[in-house]
Amino acid sequence: MDSFDEELEMELDDLAGFDPNDPAVSSEAMEFRKHYFRELLRLQGELVKLQEWVMRTKHKLVVIFEGRDAAGKGGVIKRITQRLNPRVCRVAALPAPTERERTQWYFQRYAAHLPAGGEIVLFDRSWYNRAGVERVMGFCTDEEYEEFFRSVPEFEKMLIRSGTQVLKYWFSITDEEQEFRFTCRIHDPLKQWKLSPMDLESRSRWEEYTKAKEIMLERTSLPETPWWVVPAVDKKKARLNCIYHLLQQVPYEEVDKQTVALPVRKRHKDYHRNPVPQDIIVPQVY
């Protein structure tokens, strides 16, 4: 029940306008919500098994999440990491490069976040920024743009040769769905922080982003590291489909673990627990 409640809290943002007593809400929609929670918890259980296998075998896994603003990348990343050990599975969401980083080899700041053996790194946007936002917004030159396409195949092949598995997902939404999600963020004070001037600018440049995406997918989908497109208009289905597919791409298996036995607490007659001073206790408002 605790797990179910925790997931429901994360789902509150999806409940806007969803009234289960509304006659317009079909029984199929209600049934799918139940199915969604059951499947998500099952898949998260498989992710825990994958995590244990990664730790045992010292596997190195990189998962890249790309897509338009408001495409749902953050939602699936939250569901993947929700029940995993943050020391094993971590998220790399890099801010805009500093002045110093702009003078570095382009891949340098991303390479610093790559996994060691027994780790999983989820990139919430990645080195593919150059093929997307930097290209559309004019943050890179034509020469830098072309050099990226020359370099990225070699960079990713180097990762593969070093024993790092790389998965790349593009979350795809429609023009209408992005407009709807942006509008929700504008009117929801809990989501307004998600909107940046860059997000708003991306909205007006929908067609330029489409062209940049198509070129990126065509030129960087390699046999070793292909792109996988996740239809993401339905957030819940996108999460389930992406996690299910990710699990299929890793040759994990359930590892044997030692049975955990809780040790008996040692008790000493001379032990005395001092009371906590009242002035440092957090007020019990709830």
Side-chain angles (χ1 to χ4, degrees), residues 6-19 33 36 40 63-82 86 90-99 101-102 109-110 113 121-140 145 168-217 227 229-243:
E6 185 178 358
E7 180 58 34
L8 281 174
E9 288 178 13
M10 294 180 69
E11 286 298 311
L12 283 176
D13 61 339
D14 292 342
L15 289 172
F18 185 90
D19 181 3
R33 285 186 65 81
Y36 166 75
L40 182 63
V63 188
I64 291 172
F65 296 89
E66 293 285 352
R68 298 179 189 273
D69 296 309
K73 302 179 296 296
V76 73
I77 289 172
K78 285 179 182 178
R79 272 65 182 188
I80 291 172
T81 60
Q82 187 178 359
R90 52 189 169 84
V91 179
L94 278 60
T98 64
E99 287 298 322
E101 287 173 333
R102 290 192 182 97
R109 72 191 194 113
Y110 296 102
H113 295 271
V121 176
L122 312 179
F123 278 92
D124 186 352
R125 297 199 182 278
S126 66
W127 44 86
Y128 284 99
N129 273 339
R130 175 135 297 175
V133 62
E134 290 191 19
R135 175 62 172 176
V136 174
M137 302 303 296
F139 295 155
C140 67
Y145 179 66
K168 303 189 298 194
Y169 291 103
W170 174 271
F171 280 67
S172 177
I173 56 173
T174 62
D175 186 352
E176 295 77 15
E177 182 64 19
Q178 187 189 54
E179 181 178 12
F180 171 73
R181 293 182 186 181
F182 274 3
T183 303
C184 288
R185 290 181 179 184
I186 289 172
H187 296 288
D188 186 346
L190 297 179
K191 292 183 179 180
Q192 286 174 1
W193 65 270
K194 293 185 176 183
L195 276 176
S196 68
M198 199 70 64
D199 296 335
L200 298 176
E201 184 66 24
S202 73
R203 179 64 196 152
S204 65
R205 302 195 186 198
W206 172 274
E207 294 180 4
E208 294 173 65
Y209 270 96
T210 298
K211 183 177 179 180
K213 174 206 72 174
E214 291 170 348
I215 294 172
M216 182 193 77
L217 295 182
W227 278 103
V229 176
V230 181
V233 172
D234 189 313
K235 292 180 180 180
K236 291 180 174 57
K237 290 182 179 179
R239 293 165 191 163
L240 296 181
N241 289 328
C242 183
I243 296 173

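Sequential numbering from 1 along the given sequence is applied to the chain's residues. Nothing here was measured: the structure is a model prediction, and the numbers come from that model. All values below come from the heavy atoms of this structure, side chains included, with hydrogens, waters and symmetry mates left out.
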Mind checking the [atom1]-[atom2] spacing from [X] to [Y]? Nearest 0.5 Å is all I need.
{"X": "Trp193", "Y": "Arg185", "atom1": "CH2", "atom2": "CZ", "answer": "8.0 Å"}
{"X": "Lys235", "Y": "Leu240", "atom1": "NZ", "atom2": "CG", "answer": "14.0 Å"}
{"X": "Trp127", "Y": "Leu94", "atom1": "CH2", "atom2": "CG", "answer": "10.5 Å"}
{"X": "Met216", "Y": "Tyr145", "atom1": "CE", "atom2": "OH", "answer": "9.5 Å"}
{"X": "Arg205", "Y": "Met198", "atom1": "CZ", "atom2": "CE", "answer": "9.5 Å"}
{"X": "Leu40", "Y": "Ile80", "atom1": "CG", "atom2": "CD1", "answer": "10.0 Å"}

Testing the basics here: between [X] and [Y], what is the closest heavy-atom pair and its distance to 0.1 Å?
{"X": "Ala212", "Y": "Val136", "value": "CB-CG2, 3.9 Å"}
{"X": "Trp206", "Y": "Thr174", "value": "CH2-C, 3.4 Å"}
{"X": "Gly72", "Y": "Phe171", "value": "O-CE2, 4.2 Å"}
{"X": "Val133", "Y": "Phe139", "value": "O-CD1, 4.4 Å"}
{"X": "Ala71", "Y": "Ala232", "value": "O-CB, 3.5 Å"}
{"X": "Val229", "Y": "Ser172", "value": "CG1-CB, 3.9 Å"}

Donor on one side chain, acceptor on other, Asp199 and Ser196, under 3.5 Å: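 Checked: Asp199/Ser196 side chains pair up, N/O donor to acceptor below 3.5 Å.
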
I'd like to check [X] versus [Y] (side-chain heavy atoms, cut-off strictly below 4.5 Å). Are they in contact?
{"X": "Tyr110", "Y": "Phe123", "result": "yes"}
{"X": "Lys194", "Y": "Asp69", "result": "no"}
{"X": "Asp175", "Y": "Thr210", "result": "no"}
{"X": "Lys168", "Y": "Glu66", "result": "no"}
{"X": "Lys73", "Y": "Trp170", "result": "no"}

Residues which pass side chain to side chain contact (heavy atoms under 4.5 Å, CB included) with Pro97, listed by chain and number, not counting sequence neighbours: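 By the side chain to side chain contact (heavy atoms under 4.5 Å, CB included) rule, Pro97 matches Glu101, Arg102, Arg109.
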
Test side chain to side chain contact (heavy atoms under 4.5 Å, CB included) applied to Lys78 - qualifying residues, sequence neighbours left out: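 Lys78: side chain to side chain contact (heavy atoms under 4.5 Å, CB included) contacts with Met10.
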
Glu177/Arg181 salt bridge by N-O under 4.0 Å criterion: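 Yes, charged N to carboxylate O under 4.0 Å.
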
Side chain Asn241, main chain Lys237, donor-acceptor under 3.5 Å: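 Indeed, once roles are kept as given, a pair shorter than 3.5 Å links the two residues.
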
Aromatic plane relationship, Tyr169 with Phe65 - under 30° parallel, 30 to 60° tilted, over 60° perpendicular: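 Because their plane-to-plane angle is under 30°, the rings of Phe65 and Tyr169 count as parallel.
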
Gln192 atom CD, neighbour heavy-atom count above 12 within 6.0 Å: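 Yes - once you tally the heavy atoms of other residues, nucleotides and ligands closer than 6.0 Å, there are more than 12.
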
